[in-house]
Amino acid sequence: MSSVSMEEDDSASKINLPADIHWEMLDKSKFFFLGAALFSGVSGALYPIVVLKTRQQVMSSQIPCLKMAGSMLRTEGYRGFYRGFGTSLTGTIPARALYMGALELTKSSVGSATVQLGFSEASSSAIANAAAGLSAAMAAQLVWTPIDVVSQRLMVQGSGNSSCGVVGLKCYNGGIDAFRKIVCSDGLRGLYRGFGISILTYAPSNAVWWGSYSIAHRLIWGSIGCYCCKKDDEGGYRPDGKAIVAVQGLSAAMASGVSALVTMPLDTVKTRLQVLDDDCSSRRTPTVLQTVRNLVKEGGFSACYRGLGPRWASMSMSAITMITTYEFLKKLSTKNQETFV
């Protein structure tokens, strides 16, 4: 049972939060099976925002998000918001399995090690969460990078002339066609275009997110005190289920804002590297430096923050649903408690 002290309270009361569910307490088969089903649903609900963000990042000029959404709806219909979803979903299941496995295993191992080294509970939690986010992102990118390369190219393909403004874009007839053409043109390396910058984007982004989430979670509980809590038999306070979910959601949104601001330029460069091909004057694959130069030439440094609104919204909604779903998933996947008594 973890607790948060209310230092401003003279009685030094504590809020007794539900105990963390660690890796060894989980039924692994149930954890991965239910996780694949739950997160597939979450991915489907948030996919249209990802499509909008991706299109904004590859446009040569800035187009407001709502205007772009309206244009897509008129020219492509609702299907336009789900271009490449089948490909993305195919990769989401194994990628999520790798992510969740690495996350829980690292969090459990690092958490135990930091406690033994004498770190406080709060510091140990923040370090373990940051390390877990880092390792989970690196493991998942082995699957996510090729899926991103294919699905993002499908995302930015509009019907008719709606793809105008996107320079260096090839046309594909579905995920299999995109996969075949990329491999024929660039070999297997083409599927891992931007892998290095993907690691540089998602590894720190996940580390920042999980570390910020842990800190925000404790700060919020420390701020609201015993509000929405009931006194328990141990002399402390126990929050109700609604308050726990609300604090998890608010902490996730705050962590997403921090992470989006820190890593947005890297995400924009990564997306362009993975989506855009060489122009007519050059047959070489664009480099990171060339991509940054083109971005700055198009709209200054602010061009690196194109799609920040949709990305922050996507990250926040994804994080809120992910963390609440994830905690729910862990409860569903917990082995019989008698095993751990």
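As a basis for the values below, the full set of heavy atoms in this structure was taken, side chains included, without hydrogen atoms, waters or symmetry mates.
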Practice problem: Verify side-chain contact (heavy atoms from CB on, under 4.5 Å) between Q152 and R55, making sure each step is shown before the conclusion. | Solution: CA-CA 9 Å; Q152 285 177 343; R55 290 197 179 197; over 6 Å; no
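- A search for side-chain hydrogen bond (donor to acceptor under 3.5 Å, both in side chains) contacts involving T268 returns Q57, not counting sequence neighbours.
- In plain terms, the two heavy atoms of S124 and T114 that are nearest each other are OG-OG1, 2.5 Å.
- With T324 contributing its side chain and T321 its backbone, the two residues share a donor-acceptor pair below 3.5 Å.
- Remark: the backbone N or O of A178 is not paired with any side-chain donor or acceptor of R153 at under 3.5 angstrom.
- Remark: M317 CE to I320 CD1 distance equals 8.5 Å, nearest 0.5 Å.
- Atom CG in L105 sits 13.5 Å away from atom CE in M100 (nearest 0.5 Å).
- Annotation: L117, atom CG; neighbour count of heavy atoms from other residues, nucleotides and ligands within 6.0 Å is above 12.
- Between R180 and D177 there is a salt bridge, since a side-chain N of the basic residue sits under 4.0 Å from a carboxylate O of the acidic one.
- Formation of a donor-acceptor pair under 3.5 Å by the T145 side chain with backbone atoms of Q141 is found in this model.
- Within 6.0 Å of the CD1 atom in I176, the count of heavy atoms belonging to other residues, nucleotides or ligands does not exceed 12.
- With hydrogens and angles left out, the side-chain atoms of S151 and T87 include no donor and acceptor closer than 3.5 Å.
- Linking ILVMFWY side-chain heavy atoms closer than 4.5 Å, directly or via other members, places V150 and V183 in a single hydrophobic cluster.
- Taking all atoms of both residues into account, the shortest heavy-atom contact from I182 to G190 is CG2-C, 3.7 Å.
- Annotation: the span from S316 atom OG to I49 atom CD1 amounts to 9.5 Å, rounded to 0.5 Å.
- In this structure, F85 and M155 have side chains that are not in contact, with every pair of non-hydrogen atoms separated by 4.5 Å or more.
- Residues D148 and K270 have side chains in contact (heavy-atom distance under 4.5 Å, counting atoms from C-beta outward).
- No donor-acceptor pair closer than 3.5 Å links the side chain of S185 to the backbone N or O of K181.
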Quiz prompt | Evaluation steps, side-chain contact (heavy atoms from CB on, under 4.5 Å), between L250 and I220 | solution = CA-CA 9 Å; L250 182 56; I220 292 170; 3.8 Å; yes
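- One hydrophobic cluster holds both Y192 and V149 under the rule that ILVMFWY side chains link at heavy-atom gaps under 4.5 Å.
- One N or O on the side chain of T106 and one on the backbone of A102 form a donor-acceptor pair closer than 3.5 Å.
- The environment of CE in M138 is sparse: at most 12 heavy-atom neighbours from other residues, nucleotides or ligands sit within 6.0 Å.
- Annotation: the span from Y78 atom OH to L73 atom CG amounts to 5.0 Å, rounded to 0.5 Å.
- Heavy atoms of other residues, nucleotides or ligands lying less than 6.0 angstrom from CG of L188 number 12 at most.
- Nearest heavy-atom pair across G133 and N206 is O-CB, 3.1 Å.
- Under the 4.5 Å side-chain criterion, counting only non-hydrogen atoms from C-beta, F31 is not in contact with L332.
- In the hydrophobic cluster analysis, where Ile, Leu, Val, Met, Phe, Trp and Tyr join through side-chain heavy atoms closer than 4.5 angstrom, W209 is grouped apart from L261.
- Between Y99 and L103 there is a side-chain heavy-atom pair separated by less than 4.5 Å.
- The side-chain hydrogen bond (donor to acceptor under 3.5 Å, both in side chains) check on T263 picks up R311, with sequence neighbours excluded.
- Between V262 and P204 there is no side-chain heavy-atom pair separated by less than 4.5 Å.
- For the pair L52 and M72, the minimum side-chain heavy-atom distance is below 4.5 Å.
- In this structure, L273 is a member of the same hydrophobic cluster as L295, with clusters built from ILVMFWY side-chain heavy atoms closer than 4.5 Å.
- Contact check for I323 versus F328: no side-chain heavy atoms found under the 4.5 Å cut-off.
- In terms of modelled atom types and a separation under 3.5 Å, the side chain of Y213 and the main chain of M254 share no donor-acceptor contact.
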Exercise. In sequence, state the C-alpha distance, the side-chain angles, and the governing distance for Q56 and K53, and then conclude on side-chain contact (heavy atoms from CB on, under 4.5 Å).
Key: CA-CA 5 Å; Q56 279 197 321; K53 185 268 298 183; 5.8 Å; no
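- Side-chain contact of W144 with S198: a donor-acceptor pair under 3.5 Å is absent, judged by distance alone.
- Looking only at distances, a side-chain donor or acceptor of S256 sits under 3.5 Å from a matching main-chain atom of M315.
- Linking Ile, Leu, Val, Met, Phe, Trp and Tyr residues whenever their side-chain heavy atoms come within less than 4.5 Å places I199 and L142 in a single cluster.
- Paired with L34 under the rule side chain to side chain contact (heavy atoms under 4.5 Å, CB included), one option of L329, T325, D27 passes, and it is L329.
- Looking at R83 and E76, their side chains come closer than 4.5 Å, going by heavy atoms from C-beta outward.
- With rounding to the nearest 0.5 angstrom, the CZ atom of R272 is 8.0 Å from the OG1 atom of T291.
- Note that K107 lies in the cation-pi zone of W210, set by a 6.0 Å cut-off to the ring centre and a 45° limit from the axis.
- Between atom OG of residue S40 and atom CG of residue L89 there is a gap of 4.5 Å, rounded to the nearest 0.5 Å.
- Smallest separation of non-hydrogen atoms from I147 and S88: CG2-CA, 3.7 Å.
- Between E121 and R218 there is a salt bridge, since a side-chain N of the basic residue sits under 4.0 Å from a carboxylate O of the acidic one.
- Residues that satisfy the side-chain hydrogen bond (donor to acceptor under 3.5 Å, both in side chains) test with S205, not counting sequence neighbours, are S259.
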Practice problem: Check the pair Y202 / I197 against side-chain contact (heavy atoms from CB on, under 4.5 Å), numbers first and verdict last. | Solution: CA-CA 8 Å; Y202 290 122; I197 199 167; over 6 Å; no
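- Using modelled atom types, one side-chain atom of S135 and one backbone atom of A132 make a donor-acceptor pair closer than 3.5 Å.
- Taking the six-membered ring for Trp and thresholds of 30 and 60 degrees, Y47 and Y82 have nearly parallel ring planes, at less than 30 degrees apart.
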